[in-house]
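Scroll down for the structure; my scribbles are underneath it.
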Amino acid sequence: MLAEDSVLLREGLIGLLARFGHEVVAAVGDAPALLTAVEEHTPDIDIVVTDVRMPPGFQDEGLHAAVRLREKRPTLPVLVLSQYVQRTYASELLDSGDGSGVGYLLKDRVGQVEEFVDALHEVANGGTVLDPEVVRRLLRHRRDPLHHLTPREREVLALMAEGRSNGAIAKTLVVSEAAIGKHINGILTKLNLPLEGGTHRRVMAVLAFLRG
C-alpha cells in the first residue's frame, strides 16, 4: 500500500517496487484515501509506505494516518518517508502499535535503491529501521548517561539503533563480531538495559532509552 502526494515519486516507487517483485495493491495521494484504501485491501497488504506530509493540510497527515492504522492493527508494518528529520515524528511512530514493523527514512534514501528495498523487507518482516540522521537526532536529544560510553560504543550504539545485526556492525567498523558483542554488552550494561533477547528486542530497548 503506497501513499504519496507527489505523482512523479508515487509512480517512480510503483515502478521500483515492481522491479523487485512487489505488487502495489493501491496507490493514493492523501491521508483520507490511505485510510480508506487500507480498509478495502487489508488482507492483501504486507506493508504500508507513506509520506509524512500529505493533503489536505500538508502537515503530518500521513504520519497520523499510519498511527491510526496501527491502533486498529498493531502489527501492520509501516514505513514512513519524510523530506525532513522530525524527532517527534519518529518517536510517535515508534510508540505506535506493538512497536514492531516500523521504519522512518528520509526521502533521499529512496535514491539508494538497494538500501531502500532492504529497509522495506526489514520492516515488512517486523523489524525496525531508522534513518541514520534520525538516530543522530535521538542521540543528541538524550545526553545522560550517554557520556559514560566510549567513542567506539557510541558508534556501535548508533548502528544498533539503525537495526543492524552484530555481523553488519562488525563489517561497517572493520572489527571482529566478537569485539562488537563485547561493545554491545558494555553499552547495555551502562544503560541498564537487558542483555538477553533477540535483535529486535535489543533495538527496541535502545530506542526506548533514546526516546526517554
Side-chain angles (χ1 to χ4, degrees), residues 1-55 60-85 89-90 92-94 96-135 161-165 167-168 171 198-200 203-204 207:
M1 176 69 218
L2 177 62
E4 166 60 54
D5 63 285
S6 168
V7 176
L8 284 177
L9 182 54
R10 186 167 69 239
E11 292 301 316
L13 283 170
I14 292 173
L16 172 63
L17 293 171
R19 277 175 48 200
F20 285 86
H22 301 287
E23 178 187 0
V24 177
V25 296
V28 300
D30 59 69
L34 169 60
L35 296 173
T36 299
V38 171
E39 287 292 330
E40 294 177 354
H41 298 278
T42 292
D44 302 317
I45 296 175
D46 294 320
I47 185 170
V48 172
V49 180
T50 180
D51 189 6
V52 168
R53 298 183 179 183
M54 289 198 301
D60 52 7
E61 290 84 353
L63 174 74
H64 283 295
V67 172
R68 284 181 60 187
L69 290 171
R70 284 172 60 83
E71 287 174 352
K72 294 182 179 180
R73 185 178 164 188
T75 59
L76 176 67
V78 173
L79 177 58
V80 168
L81 303 176
S82 178
Q83 191 69 43
Y84 310 99
V85 177
Y89 289 167
E92 189 170 354
L93 180 65
L94 290 166
S96 68
D98 68 351
S100 66
V102 291
Y104 185 108
L105 295 180
L106 295 182
K107 286 187 176 179
D108 290 345
R109 183 65 68 89
V110 177
Q112 302 170 30
V113 176
E114 291 186 357
E115 289 188 21
F116 172 70
V117 174
D118 287 344
L120 186 78
H121 291 164
E122 180 69 19
V123 174
N125 290 325
T128 304
V129 176
L130 288 184
D131 194 279
E133 184 58 32
V134 176
V135 173
E162 290 175 29
R164 302 200 192 189
S165 66
K171 184 177 181 180
T199 300
H200 174 68
V203 170
M204 294 308 298
L207 291 175

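Below, all heavy atoms of this structure are taken into account, side chains as well, without hydrogens, waters or symmetry copies.
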Non-hydrogen atoms of [X] and [Y] that approach each other most closely:
{"X": "Asp5", "Y": "Gly29", "answer": "CB-O, 3.4 Å"}
{"X": "Ala119", "Y": "Val129", "answer": "CB-CG1, 3.9 Å"}
{"X": "Val80", "Y": "Ala66", "answer": "CG2-CB, 4.5 Å"}
{"X": "Arg10", "Y": "Ala27", "answer": "CD-CB, 3.9 Å"}
{"X": "Gly126", "Y": "Ser100", "answer": "O-CB, 3.6 Å"}
{"X": "Pro55", "Y": "Pro32", "answer": "O-CD, 4.1 Å"}

Tell me whether the count of non-hydrogen atoms from other residues, nucleotides or ligands lying under 6.0 Å of CG in Asp46 goes above 12.
no
For residues [X] and [Y], determine if any side-chain heavy atom of one lies less than 4.5 Å from a side-chain heavy atom of the other.
{"X": "Leu81", "Y": "Leu13", "result": "yes"}
{"X": "Asp30", "Y": "Glu61", "result": "no"}
{"X": "Gln83", "Y": "Val52", "result": "no"}
{"X": "Phe20", "Y": "Val113", "result": "yes"}
{"X": "Leu16", "Y": "Phe116", "result": "yes"}
{"X": "Val49", "Y": "Met1", "result": "no"}
{"X": "Glu115", "Y": "Leu105", "result": "no"}
{"X": "Val123", "Y": "Val102", "result": "no"}

Working to the nearest 0.5 Å, report the span between [atom1] of [X] and [atom2] of [Y].
{"X": "His121", "Y": "Ile47", "atom1": "NE2", "atom2": "CD1", "answer": "9.0 Å"}
{"X": "Glu122", "Y": "Thr128", "atom1": "CD", "atom2": "OG1", "answer": "7.5 Å"}
{"X": "Thr42", "Y": "Leu76", "atom1": "OG1", "atom2": "CG", "answer": "7.5 Å"}
{"X": "Asp131", "Y": "Leu106", "atom1": "CG", "atom2": "CG", "answer": "4.0 Å"}
{"X": "Ser165", "Y": "Lys171", "atom1": "OG", "atom2": "NZ", "answer": "10.0 Å"}
{"X": "Leu34", "Y": "Glu39", "atom1": "CG", "atom2": "CD", "answer": "10.5 Å"}

Less than 4.0 Å between a side-chain N and a carboxylate O, is that true for Asp51 and Lys107?
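Salt bridge present between Lys107 and Asp51.
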From the list Leu2, Ile14, Leu17, side chain to side chain contact (heavy atoms under 4.5 Å, CB included) with His22 holds only for Leu17
Tell me if a side-chain donor or acceptor on Glu23 pairs with a main-chain N or O of Val25 at a distance below 3.5 Å.
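Not at all, since once roles are kept as given, no pair shorter than 3.5 Å links the two residues.
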With no hydrogens and no angle check, is any side-chain donor or acceptor of Arg53 less than 3.5 Å from a backbone partner on Asp60?
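Judged by distance alone, no pair lies under 3.5 Å.
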